[in-house]
2 protein chains.
Amino acid sequence: MSVTQTLPLTDISRRSTDEADACSSPLARASIAPDHADALARSLKALADPARLRIISIVSAHTDQEACVCDLTDQLTLSQPTISHHLKVLVEAGFLSRAKRGTWSYYSVVPGSLNSVVGVLADV
Amino acid sequence: MSVTQTLPLTDISRRSTDEADACSSPLARASIAPDHADALARSLKALADPARLRIISIVSAHTDQEACVCDLTDQLTLSQPTISHHLKVLVEAGFLSRAKRGTWSYYSVVPGSLNSVVGVLADV
DNA sequence: CGGTAACATTGATCGTTGTCGATGTCCACG
DNA sequence: CGTGGACATCGACAACGATCAATGTTACCG
């Protein structure tokens, strides 16, 4: 399996700048940087879950923009540890913030966090 | 922030069926429906990958809004089957469309597909 | 001080997914 | 008609992630 064939070094490995590429079209603008794509993917991964989207929606639907875990266990058909897990993911991604008062934990949407992702995604 | 104000204890003993739960706040508006969250999560899952974000960016950076696979294998440090896999995910999610001409496959961004997700995400 | 309620953490399970090598398919060309 | 190039598909594997039961932690209350 090692070296089955020598690499075709004639044309493929040659860096373009030659217009002889038949299948390619010129670039109009630069594409996003790899690390930029990595950061955006991390944010999107935190949002790409039905339970987490509903959590954000439920929290932001409250008048004072905050809800406790009991509000979520009531509406979502998920166990309490699972909801805590999703909350942790959203907090670590910067979409929610936690405020503990007494025995209750109140979660609220970080202002502008969603719009920031929306803005970045708009010009990908 | 270490306020930890004492809670209004007068109402805690009264269990639910009363609309005023101690830890809960009233709703200002409705939250998204579960199937709506499911659909949005599927779209976001297709975007939540660094390679796929870069693919969309590279394709849309071309002047005619289309690029062939060779353009992608050149810029991404991934094998050709892996790139084909990501392209398939993006096509099935509705973000890219495929046009085969000769031996080459040209991929282009479906107009409005990204903005649609952005718009839905904006009012979650 | 013991009990209970709210929530977080841990450990385990199991489906999902990103990746690559190998192979298949289709087209162009000599 | 055979050969090679461009791309898709398949099979396998490893890493990740969503979920839950069990347990831990902290605050409140009698």
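Every chain is numbered from 1 and lettered A, B, ... according to where its sequence line falls, protein lines coming before strand lines.
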Inset, instruction - Drop me the distance from B:S84's OG to B:L72's CG, to the nearest 0.5 angstrom. - result: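 Atom-to-atom, B:S84:OG and B:L72:CG are 9.5 Å apart.
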Legend entry - Point-to-point distance, once rounded to the nearest 0.5 Å, from CG of B:D71 to CH2 of B:W104: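 These two atoms lie 11.5 Å from each other.
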Pairs: protein N or O with nucleotides 8-11 of chain C N or O, under 3.5 Å:
from: C:dA8; atom 1: OP1; to: A:R98; atom 2: NH1; distance (Å): 3.4
from: C:dA8; atom 1: OP1; to: A:Y107; atom 2: OH; distance (Å): 2.3
from: C:dA8; atom 1: OP2; to: A:S84; atom 2: OG; distance (Å): 2.4
from: C:dA8; atom 1: N7; to: A:Q80; atom 2: NE2; distance (Å): 2.7
from: C:dA8; atom 1: N6; to: A:Q80; atom 2: OE1; distance (Å): 3.3

For residues 85-102 of chain B, which side-chain N or O atoms pair as donor and acceptor with protein atoms under 3.5 Å away, sequence neighbours left out?
from: B:H86; atom 1: ND1; to: B:R52; atom 2: NH1; distance (Å): 3.1
from: B:S97; atom 1: OG; to: B:S108; atom 2: OG; distance (Å): 3.0
from: B:R98; atom 1: NH1; to: B:S105; atom 2: OG; distance (Å): 3.3
from: B:R101; atom 1: NH2; to: B:E66; atom 2: OE2; distance (Å): 2.7

Legend entry - ILVMFWY network linking A:L53 to A:V118, side-chain heavy atoms under 4.5 angstrom: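 Linked, A:L53 and A:V118 end up in one cluster.
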Inset, instruction - Indicate if A:V120 and B:V120 have the same hydrophobic cluster label, given that clusters are the connected sets of ILVMFWY residues with side-chain heavy-atom separations under 4.5 angstrom. - result: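 Linked, A:V120 and B:V120 end up in one cluster.
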May I have the distance from [X] (atom [atom1]) to [N] (atom [atom2]), rounded to whole angstrom?
{"X": "A:L96", "N": "C:dC7", "atom1": "CG", "atom2": "C1'", "answer": "15 Å"}
{"X": "B:K45", "N": "D:dG17", "atom1": "NZ", "atom2": "C1'", "answer": "8 Å"}
{"X": "B:L78", "N": "C:dC20", "atom1": "CG", "atom2": "C1'", "answer": "10 Å"}
{"X": "A:L72", "N": "C:dC7", "atom1": "CG", "atom2": "C1'", "answer": "12 Å"}
{"X": "B:R42", "N": "C:dT16", "atom1": "CZ", "atom2": "C1'", "answer": "14 Å"}

Inset, instruction - Determine whether the side chains of B:T82 and B:S79 contain a donor N or O and an acceptor N or O closer than 3.5 Å. - result: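 Result is yes, a qualifying pair exists.
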Donor-acceptor pairs under 3.5 angstrom involving side-chain atoms of residues 30-47 of chain B: please list them, not counting sequence neighbours.
from: B:D38; atom 1: OD2; to: B:R42; atom 2: NH1; distance (Å): 3.4
from: B:K45; atom 1: NZ; to: A:A48; atom 2: O; distance (Å): 3.0

Inset, instruction - Identify, with sequence neighbours excluded, every residue that meets side chain to side chain contact (heavy atoms under 4.5 Å, CB included) alongside B:T73. - result: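 Expected list: B:V69, B:C70, B:Q80, B:I83.
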Inset, instruction - Could you check which residues of residues 48-56 of chain A get a heavy atom under 4.0 Å from DNA chain C? Sort them by number, please. - result: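 Contacts with DNA chain C under 4.0 Å: none.
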Legend entry - End axis versus end axis in the helix from C:dC1-D:dG30 to C:dG30-D:dC1, the angle rounded to 10°, five pairs used at each terminus: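 Taking five pairs per end, the axes differ by 10°.
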Legend entry - Side-chain N or O of B:T103 closer than 4.0 Å to phosphate OP1/OP2 of C:dC27: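 Checking C:dC27 against B:T103, no side-chain N or O comes under 4.0 Å of OP1 or OP2.
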Inset, instruction - Could you tell me whether a side-chain N or O of B:S116 sits under 3.5 Å from a main-chain N or O of B:G112, the two making a donor and an acceptor? - result: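 Such a contact is absent between B:S116 side chain and B:G112 backbone.
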Inset, instruction - Using modelled atom types only, decide if a donor and an acceptor are shared between the side chain of B:H62 and the backbone of A:L27 within a distance under 3.5 Å. - result: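 Checking the backbone N and O of A:L27 against the side chain of B:H62, no donor-acceptor pair under 3.5 Å is found.
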Inset, instruction - Taking the side chain as every heavy atom from C-beta outward, state whether A:Q65 and A:V59 have any pair of such atoms under 4.5 Å apart. - result: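 Answer no - side chains too far apart.
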Inset, instruction - Nearest-nucleotide wise, let me know which of B:G102 and A:C68 is further upstream toward the 5' end of DNA chain C. - result: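 Final value for this comparison: A:C68.
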Inset, instruction - Output the single nucleotide from C:dC7, C:dT19, D:dC7 whose closest atom is nearest the side chain of B:H86. - result: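 Out of C:dC7, C:dT19, D:dC7, the nucleotide with an atom closest to B:H86's side chain is C:dT19.
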